[in-house]
Amino acid sequence: MKQINIGIVGMGTVGTGIAKIMVQNKDIISARIGAELVLKKAADLDIERDRGIDFGPDLLTTDPFLVTDDPDIAIVAEMVGGTGIAKEVIERAIENGKHVVTANKALLAEHGNALFEKAENKGVALAYEASVGGCMPIIKTIRETLVSNRIEAVTGILNGTCNYILTRITNEGITFAEALKDAQSKGFAEADPTLDVGGFDTAHKLAIISALAYGMKINLDEIYIEGISNITPMDIEFAKDCGYRIKLLAIGKFDGNAVEARIHPTMVPFSNQLANVSGSMNAVSLTADGVGNMVLSGRGAGMMPTATAVLSDVADIARNILAGGGIRVPLRSYQAANIREVPIRPIDDIKTHYYFRFTVFDRPGVLSKIAGILGNHGISIKSVHQTERKLDGGVPLFMLTHRANEADVQSSLKEISALEVSTQNPVLIRIEEDES
Ligand code: HSE
């Protein structure tokens, strides 16, 4: 049987997972691909640690370039992460004519345009299923299943840490800090958890999938990003009473001219499948002509789910090699010549429904002043609720609005804050109503 040699750079959690699956499921992998995948070399700074696998002599090295430069290796898996040495590893492997598989969403979001061009010019694969949603096949679905459809919206829960934190607060009322600590101990938080809770990891993933879905260059800089650290149990509780769950959503919508690309905590109605995705699970809802709405869900992080996605890319490349080489499916879904700059709509221009929580003095005229300002800006109130519960010297006043324009909302909140009827800054959460 033909052998296809693989090299791995970065033998941390995911790198080790790839090696484990290659050993444990060697028989079915060969039976399905028609060739044997062989781990030829693996690099890591630490080659002494027991990873529970017998690598034999000379397989492990501390020099990543012994992997990228090995003439017998056809496919290099970059599992280092980050935007430092990982970039050099990928560039060198491509220059050496090797196919590359990566899970590195930060690197692709920041340098993907140049890296993809480099791989396309060299005629090698740069595959990245594991960069978004772990084992959930979002890249394959956009690139292959929906090849004949116009995609209109990609909306997803793409960060397991945030979803885990919001779920624990929702279900058990534990604090944000306790939930984050727990997510870190379970191993799905990033080394720097501000990437998770600040929404940046989700933005990296949205930058990648919106580019793929809409045939545009990756544009991380224009994505609106708001994380979950200001979400309080009170907002979660009120949302629940009104029939919503709060999720950190990545929203990428295309109207044929411009893309809306935004990450923020979002109130999602119970009837939306994304509202029921809990714990560290990821999910993406795709809307396209011809198919309407489809939802994918799965484990977005962790050793085996991520390694599974890497091996799915490795298998695609191995099958191309066995079929005589060439890149059958364009790396970025569209032929390189058809990839264009598509403007991202500024957040001020979006229109959606809103939730506000004001903390106000409980005295005559306050509500009418707030409602007056909203009315002057054309914002129509859908419902109002005030409780007697004391909060920071005031009482909470909750409001839901009909569809409104973000710029009008921001101007209104500024004017309301200047009224000096509040004891805290207003809280705003955008609502994603079911369009149906
Ligand atoms: N920190 C990420 C998460 C890992 O929590 O989803 C996968 O990208």
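We count ligands from 1, going down the list as the structure has it; atoms in each ligand are counted the same way. If you read the sequence from its start, that first residue is 1, and numbering goes on from there. In this text the structure is predicted, and so the values were computed from the model without any measurement.
- In terms of modelled atom types and a separation under 3.5 Å, the side chain of Lys98 and the main chain of Val76 share no donor-acceptor contact.
- Polar contact check, Ala189 against ligand 1: no nitrogen or oxygen pair lies under 3.5 Å apart.
- Within the listing of ligand 1, atoms 1 (N), 2 (C), 3 (C), 5 (O), 6 (O) sit less than 4.0 angstrom from a heavy atom of Asn159.
- A donor-acceptor contact shorter than 3.5 Å links the side chain of Lys247 to the backbone of Val277.
- To the nearest 0.5 angstrom, Lys105 atom NZ is 8.5 Å from Leu195 atom CG.
- At a heavy-atom distance under 4.0 Å, only side-chain atoms of Asp196, from C-beta outward, approach ligand 1.
- Protein heavy atom at the shortest distance from atom 6 (O) of ligand 1 is Gly160 N, 2.7 Å.
- Of the protein's heavy atoms, Thr161 OG1, 2.7 Å lies nearest to atom 5 (O) of ligand 1.
- Counting the atoms of ligand 1 from 1 in the order shown, those under 4.0 Å from a heavy atom of Phe188 are 1 (N), 2 (C), 3 (C), 4 (C), 5 (O).
- Residue Gly300 places no N or O, backbone or side chain, under 3.5 Å from any N or O of ligand 1.
- Atom CZ of Arg328 is surrounded by 12 or fewer heavy atoms from other residues, nucleotides or ligands within 6.0 Å.
- Residue Glu341 qualifies as open at atom CD: its count of foreign heavy atoms under 6.0 Å is 12 or below.
- The ligand atoms of ligand 1 that sit less than 4.0 angstrom from a heavy atom of Ala301 are 4 (C), 7 (C).
- To the nearest 0.5 Å, the span separating OG1 on Thr161 from CG on Leu166 amounts to 11.0 Å.
- The side-chain heavy atoms of Met234 and Val427, taken from C-beta on, include no pair separated by under 4.5 Å.
- When hydrogens are left out, the protein atom nearest atom 4 (C) of ligand 1 is Glu190 OE2, 3.2 Å; that is the closest non-hydrogen contact.
- The six-membered or imidazole ring of Tyr355 lies away from that of Tyr244, with a centre-to-centre distance of 6.0 Å or more.
- With a heavy-atom cut-off of 4.0 Å, Asp201 touches ligand 1 through its side chain alone.
- Counting only heavy atoms of the protein, atom 8 (O) of ligand 1 lies nearest to Lys105 NZ, 2.5 Å.
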